[in-house]
Amino acid sequence: MKVNVSRSIVVALTCACVIVVVSSLRAPHASTTKNKFDALYASLGMPIPAQTPASGVPEKTIAQEGREKNVKLLGDLPVSQFIPVMNYFAASMGRRCNYCHVNNNGQWDYASDAKNEKNRARDMIKLVLDTNKTLAQLKLDPVACYTCHRGRNSPQSVPPLPLPTPPAGGPGGAGPGGPGAGAAPGAQPQGSPTPRPTPTPAEELIQKYISAIGGQAAIDKIKSRTATGTFMTANGATGTYELMQSSDNGYEHFTTQRGTMERGIMGNIGWERNQQGLRELAGHDLDVLRSTALLSRNLSLKEQYTRLRTAGRDKVGDRDAYVVLAARNDTDAERLYFDVETGLLLRRMTFMRTIVGTIPEQIDFEDYRDVNGVKLPFTIRVSSVDAGNPYIVRKLTEIKLNAPVDDSKFKMPVATPPKNP
């Protein structure tokens, strides 16, 4: 019985993960051109966004936009969260889209309910939403798909045996009559907490970072930056990459064997153009662009947050790092990881809060080199919750500071109607 229940839960979640992911990821109205567009994004290691015309209006929800068909529980999601949530479902379950969605001879029918797993997924989504309502009343942290599944189709509900053996004579006492007497055999000892050293203030860590990359005076001299290089994704795709930054403006250009894509941001207006056409970015898509395209993003950290707090230490690869919790507001927070020895920024984690869970994205910075008196990373790895292509690595070959830039690159182009075949 328990096994059957577990299987049902697994199936449900799996479908959930793929349920909308492809739900109408791109319904029938985008046949040939669409396939080329999807392949380009897959090669770039990026989630395939819904195509909406540039408008300048506030971001719509899935229900308001109406492109994704047969979405019954996630209609209140902002459009830009839809694909990340689908990828989150898949990663939580260790499955792919075809677990819940129908694929007939290479053609996806995301809206179809032919697979029972898809309806199970809906049950699981509802379970998460209902559970979190109860937890909110109890003022407890919410749960999500990954809380139980952790990349497994079936959640592991019993502890694996044998349990770790406690050290003899360690804290908690293993001898007769000691504090651990009467505990279950093999149980972990409960050691007494040891005093923690006073953490280094977050502001001090950020100041050390500023000094490590060259000092505030050197940073203040930077008015623009251009960079060129290559990129590689987890699925083996490669291509060339170009970056241009000036003040609060940014521009990126990707070239792959499957086509090109360019993205720009000027002030609060972000946009993207590819073979499929031009669209204005909003919500999470706009935040992602800001994270890579703005000049001040990693040079003026303190000004970006309302609260900073040191949260201990962690490892980034083989490096020890201080962790700083950085909050923009009551709901939007990041984690910054600074090298204990050098003070350099090693990692930056952002979190997208959705109705079904918090979705992380991680950016790692490596290979710092001196560029006109300022140390900048030449290798940048962006990791996301996408089981099909979990990371993209950009390796820069050249960075120039204060070189002339073409401001027209940042401005959103005028949309042109697609050419008739």
Side-chain angles (χ1 to χ4, degrees), residues 191 193-222 225 227-232 234 241 243 245 290-328 332-351 360-385 390-402:
T194 56
R196 292 185 179 181
T198 302
T200 304
E203 291 78 4
E204 185 176 323
L205 294 175
I206 290 181
Q207 186 56 51
K208 183 179 179 181
Y209 164 66
I210 292 174
S211 299
I213 63 176
Q216 192 62 54
I219 294 173
D220 290 341
K221 293 178 182 178
I222 302 175
R225 172 168 57 182
T228 55
T230 60
F231 71 86
M232 179 181 68
Y241 174 71
L243 173 68
Q245 301 167 311
R290 282 196 181 102
S291 71
T292 58
L294 292 189
L295 179 61
S296 61
R297 176 67 172 169
N298 295 315
L299 297 178
S300 303
L301 291 177
K302 189 175 180 180
E303 294 78 3
Q304 300 175 33
Y305 307 104
T306 57
R307 296 190 306 278
L308 295 165
R309 179 171 66 86
T310 305
R313 291 165 61 149
D314 203 345
K315 282 280 191 181
V316 176
D318 61 352
R319 306 294 298 180
D320 290 316
Y322 290 114
V323 182
V324 171
L325 300 184
R328 299 180 187 279
D332 186 8
E334 297 185 20
R335 288 184 183 179
L336 309 175
Y337 296 73
F338 296 97
D339 191 299
V340 169
E341 181 180 345
T342 67
L344 296 173
L345 179 64
L346 299 180
R347 173 173 294 170
R348 189 167 189 163
M349 290 192 70
T350 58
F351 303 90
E361 182 174 78
Q362 177 175 294
I363 304 179
D364 289 325
F365 306 98
E366 306 168 11
D367 190 18
Y368 276 85
R369 304 181 199 173
D370 185 276
V371 181
N372 297 345
V374 179
K375 287 186 177 180
L376 299 172
F378 273 66
T379 298
I380 301 171
R381 174 187 293 260
V382 181
S383 303
S384 60
V385 180
Y391 66 82
I392 175 173
V393 180
R394 297 168 184 150
K395 288 186 174 292
L396 303 179
T397 54
E398 182 181 51
I399 297 178
K400 293 181 179 180
L401 299 181
N402 298 323

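One-based numbering along the sequence shown.
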Looking at side-chain heavy atoms only, is the closest gap between Lys315 and Asp320 below 4.5 Å?
yes
Ala202 versus Leu308, closest heavy-atom pair with distance
CB-CB, 3.8 Å
Glu341: partners by side-chain contact (heavy atoms from CB on, under 4.5 Å), with sequence neighbours left out:
Arg319, Asp339
Look up atom CE in Met232 and atom CZ in Arg381, then write down how far apart they are to the nearest 0.5 Å.
7.0 Å
When rounded to the nearest 0.5 angstrom, what distance separates OG in Ser300 from CD1 in Ile219?
7.0 Å
Counterpart residues, side-chain contact (heavy atoms from CB on, under 4.5 Å), relative to Ala234 (two or more places apart)
Asn389, Pro390, Tyr391
Would you sort out whether Phe351 and Glu361 count as a side chain to side chain contact (heavy atoms under 4.5 Å, CB included), showing the intermediate values?
CA-CA 6 Å; Phe351 303 90; Glu361 182 174 78; over 6 Å; no
If I take atom CD from residue Glu334 and atom CG from residue Leu301, how far apart are they, to the nearest 0.5 angstrom?
9.0 Å
Candidate pair Leu299 and Ile222, rule side chain to side chain contact (heavy atoms under 4.5 Å, CB included), full reasoning:
CA-CA 10 Å; Leu299 297 178; Ile222 302 175; 4.1 Å; yes
Do Thr306 side-chain atoms and Ala327 backbone N/O form a donor-acceptor pair below 3.5 Å?
yes
Yes or no on side chain to side chain contact (heavy atoms under 4.5 Å, CB included) for Leu346 and Asp364, after CA distance, side-chain angles and deciding distance?
CA-CA 6 Å; Leu346 299 180; Asp364 289 325; over 6 Å; no
When rounded to the nearest 0.5 angstrom, what distance separates CG in Asn402 from CG in Asn372?
7.5 Å
Over all atoms of both residues, closest heavy-atom pair of Met349 and Tyr337
SD-OH, 3.7 Å
Is any side-chain heavy atom of Ile399 closer than 4.5 Å to one of Phe378?
yes
Is a side-chain N or O of Thr228 found less than 3.5 angstrom from the main chain of Thr397, in a donor-acceptor match?
no
Cation over ring face, Arg394 and Phe231, 6.0 Å, 45°
no
Heavy-atom side-chain contact between Val324 and Arg309 under 4.5 Å
no
Atom CZ of Arg297 with >12 non-hydrogen neighbours under 6.0 angstrom:
yes
What heavy-atom pair brings Ala321 and Val316 nearest, and what distance separates the two atoms?
CB-CG2, 4.0 Å
Do the non-hydrogen side-chain atoms of Val374 and Val371 ever get within less than 4.5 Å of each other?
no
Any non-hydrogen side-chain atom of Val323 less than 4.5 Å from a side-chain atom of Leu336?
no
Output a table of donor-acceptor pairs, distance under 3.5 Å, between side-chain atoms of residues 203-212 and any protein atom two or more places apart or on a different chain; print 'none' if there are none.
residue, atom, partner, partner atom, Å
Lys208, NZ, Val340, O, 2.9
Tyr209, OH, Asn298, O, 2.6
Ser211, OG, Gln207, O, 3.2

I'd like to check Tyr322 versus Thr200 (side-chain heavy atoms, cut-off strictly below 4.5 Å). Are they in contact?
yes
Okay, side chain of Thr310, backbone of Pro199: is any donor-acceptor separation there less than 3.5 Å?
no
Looking at CZ of Phe365 and CG of Leu376, how far apart are the two atoms once the value is rounded to the nearest 0.5 Å?
11.0 Å
OH of Tyr368 to CG of Asp370: how many Å apart, nearest 0.5 Å?
13.0 Å
Is a side-chain N or O of Gln362 found less than 3.5 angstrom from the main chain of Thr350, in a donor-acceptor match?
no
Counting distance only, does the side-chain N/O of Thr379 pair as donor-acceptor with the main-chain N or O of Asp367 below 3.5 Å?
no
